[in-house]
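These numbers come from a predicted model, not from an experiment. Here is the naming used below: chain letters follow the sequence lines, and residue numbers restart at 1 for every chain.
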Amino acid sequence: MIVLRRIGRLWLVPVVIVVWELATRALGDDSFPPPSTIAGRMREMWLTGPPSRLWINDSAIANIPPSVVRLLGGWLAAALAGVTLGLLLGRSALLSRLFEPIVHFLRAIPPPMLLSFFLALFAIGPEMQVATIIFGVIWPILINSADGARTIDRQHLDTALVFGLSRGQRLWRVILPSATPKIFAGLRVSLSLALILMVISELVGSTEGIGYQLLDARRSYDRPGVWATIVILGVLGFLLNSAFLAVERRVLSWHRTAKQTT
Amino acid sequence: MRVRSLFENRVLCGALGVAGLLCLLEAGGRTGVIDPLVFPLISGVVARAATFAIDPEFLADIAATLTAWAAGLLLATLIAVPAGLVLGTMPRVEAAVRPITEFLRPIPSIALVSLAALVFAERFNIKVSVAVYGSMWPILINTMYGLKDVDPVAKDTLRSFGFSPFDVLRRVSLPSTAPFIATGVRLASAIALILVISAELLAGGSSGIGTFVLEAGGSIDALEFIVAAALWAGVIGLLSNGLFVLLERRLFRWHRARTETT
Amino acid sequence: MLEIHNLTHTYGTGPGAHEALGGVDLKVAEGELVCIVGPSGCGKSTLLRSIAGLLRPTGGEILFQGDPVERTPDNLAVVFQDYSRSLFPWMSVADNVALPLRRKGMDGRQRRQAALDALEQVDLAGAGGKYPWELSGGMQQRASIARAIAYRPTLMLMDEPFGSVDAQTREDLEDLVLRVRAKHGMTILLITHDIDESVYVGDRVIVLSKAPAKVVSDLRVQLPGPRDQITTREHPGFVQLRAEVGRLVRGRQGQAASTG
């Protein structure tokens, strides 16, 4: 019953695809290939391998995992650094007064502006891509963590002090959990930013990866190829976002319910 | 005690932090701790950035970037606000469209540069279309979120006095959603700027700060050029964000005053 | 065990300053249950925060077991009024109770056992695995009392502990405090604005004046034990003492208003 209702909610998807197919066929513009052509091109690009490997071909293995690894690596490194620095700024009024203006300024720099800079610094390769991702996504995490650490309920801190929790225990058991809702909000924004930066860094400085395939398709005027890459990026973004939401739901179960009951 | 109160001053501390960072970078560059080939002397960067302020070529590039940015943001608002109002007031439509928006949203907008470059011949259109796509989402989502937050009692009150659904939308829903829309537009403005500059970097063209950086890439003191231009980009980002915050406060005040008097 | 000498505290400086405590003197002996009553906003919470070491008073001295209070002392637990903000929502009830025991050098199993024992004493034996927000208000306050019991303090401070629960739950919780005291013999300092409650629970009732707070009166409660919600409240001694405390709290307010 639930499954049927779930499927029922998706009724518009096939309708849109059919309309899209008919419209693009009627239009006959090379720039807008019909979805069937895009699907065919996607199969050619990534799914011509043997059935034992689920049809995944060498090109898919050579391009998709490196992109994902760089994306997640950069994002996780930024998360680690951002949360650490954010908690520091959030718990120290002096540090926050000294460094917050700089943080806001650095955040305001559109990360692509520094692409050429990182390119000059590291030359083409994964270092440059990861550096671009880290620089681009660290700010929402840092600022949200600082905000979360700053706005902790005083009674929670009083309780921790009265019952003699050590500094480390206060940080791990009180400040960090209390700041997680805001930290997760920052992480989520950063994850979608990381995907954007992964693509742009690969478009500029890479010899492999999904972004590189996109560049390749565009250079050879392979229009279905461009569409196919965009679709695969959409799928990747959708999967990353869904996975993140699932983790968030688990970690923050107390937060949603706690807010509902009070 | 006096030194202490000095450190309580927000502006002073911020200035101190910035000055400290600049001195540190300069000292690092002068003593050779930071290789000038890796990060140019900050005094040189600041001097270069100052010359940009009266460089007609650079100013023209900034104007070009800002024009595309403003056009993109305006179009995105014009599309996303009505769409958000429709989806926010008609749950059935929203449920049907949701799977499609959930797939479209995570597509990294930057990937569309490649597509737009194939579709549009005019560079300006590439920039604007990509900026519209990317900045549409935060506005759409904030509008929908704001509509959910509207006080149902206020709506029922108007309805009980015989006002039409359109009147309810105009007199209650829209005003109380306005602050949310404003926040969405502010978030979107940062994204639009990132996308316009990225499009300039990726699709080339003849004007814009992205192009400016690209052209500087070949020169001997390229790094100095890039970092100086990035400083300006940061200033623009800060200014536009500040402008929106100011505008939002105005809007909020009007909003608050209105709800208080009625 | 607790001595307070001429305690003063002023918030802020200059013309906007607010004088909360105007020289409080108080002595609490080992094993006593002392209730502090006063008009709302009189500085009761400031007094409690000073004793708990959460606030550094601007003047005077607090000695806890002979030592001046400079930071939060060991062997002291607090039950706050706002239980929903005092229990950590990201931990189960048992974890909330067990958390402070890390400091007592217990291993994980001992902590767990101590937490379950304490929960049983407050009739929450089955609730250890739940989260605080899954419990009713009265149950949450029981859980925070269990946390204080498990900590085995020599002094338990309670800041309007039953201020935000309904009347029935409030009576149950008052009796719970009396039971806990009888079982563990700890010293309890209970702050309340409820005159009935102070007389019903306390061995002594301290009446504070309106801010800046001073001790107006120190009354010994002599009622036959064990106390009971129905018979104690009917006792002539209870009725008379309640009237006296009430007059002291209100009278002082009226006098202050007429003179100042």
Find the one option among B:S114, B:A15, B:G210 whose heavy-atom pairs under 4.5 Å with chain A are most numerous.
-> B:S114
Count the heavy atoms of every other residue, nucleotide or ligand shown that sit under 6.0 Å from CH2 of A:W46, and state whether that count exceeds 12.
-> yes
Can you check whether A:V231 reaches B:F103 side chain to side chain, under 4.5 Å on heavy atoms?
-> yes
Does atom CD of B:E57 have more than 12 heavy-atom neighbours, drawn from other residues, nucleotides or ligands, at distances under 6.0 Å?
-> no
Could you look at A:V189 and say if it's the side chain, the backbone, both or neither that has a heavy atom under 4.5 Å from chain B?
-> neither
Those residues of residues 104-113 of chain A, ordered by number, that approach chain B below 4.5 Å (heavy atom to heavy atom) | A:H104, A:F105, A:R107, A:A108, A:I109, A:P110, A:P111, A:P112, A:M113
Separation of B:R105 CZ from A:S192 OG (nearest 0.5 Å) = 8.0 Å
If you count heavy-atom pairs under 4.5 Å with chain B, which of A:F32, A:F99, A:F238 comes out on top?
-> A:F238
Using non-hydrogen atoms only, which part of B:L202 is less than 4.5 Å away from chain A: side chain, backbone, both, or neither?
-> both
With a 4.5 angstrom heavy-atom cut-off, which part of B:L231 approaches chain A: side chain, backbone, both or neither?
-> both
Quick one: which of A:L114, A:L233, A:I230, A:L115 has the most heavy-atom pairs under 4.5 Å with chain B, could you say?
-> A:I230
Could you tell me which of B:A190, B:P99, B:S109 has the largest number of non-hydrogen atom pairs under 4.5 Å with chain A?
-> B:P99
Select, from B:V235, B:N241, B:L195, the one with the greatest count of heavy-atom pairs under 4.5 Å involving chain A.
-> B:V235
Would you please name every residue forming a side-chain hydrogen bond (donor to acceptor under 3.5 Å, both in side chains) with A:E127, sequence neighbours left out?
-> none
Residue, of B:L16, B:L115, B:L193, that accumulates the most heavy atom pairs under 4.5 Å with chain A | B:L115
Those residues at least two apart in sequence (or on a different chain) that pass side-chain hydrogen bond (donor to acceptor under 3.5 Å, both in side chains) with A:E44 are A:R41
Specify which of A:I232, A:T229, A:L195 makes the most heavy-atom pairs with chain B at under 4.5 Å.
-> A:L195
Positions in residues 15-26 of chain A that reach chain B, provided some heavy atom is under 4.5 Å away | A:V16
Under 4.5 Å to a heavy atom of chain B? For A:L94 that would be side chain
Chain A: which of B:G234, B:G17, B:G237 shares the most heavy-atom pairs with it under 4.5 Å?
-> B:G234
Atom group of B:V227 that falls short of 4.5 Å from chain A, counting heavy atoms | side chain
So, the part of A:L236 with a heavy atom under 4.5 Å from chain B: the answer is neither
Minimum heavy-atom separation for A:V199 to B:P108, with atom names?
-> CG2-CG, 3.9 Å
Out of A:I196, A:L203, A:L95, A:V204, which one racks up the most heavy-atom pairs below 4.5 Å with chain B?
-> A:I196
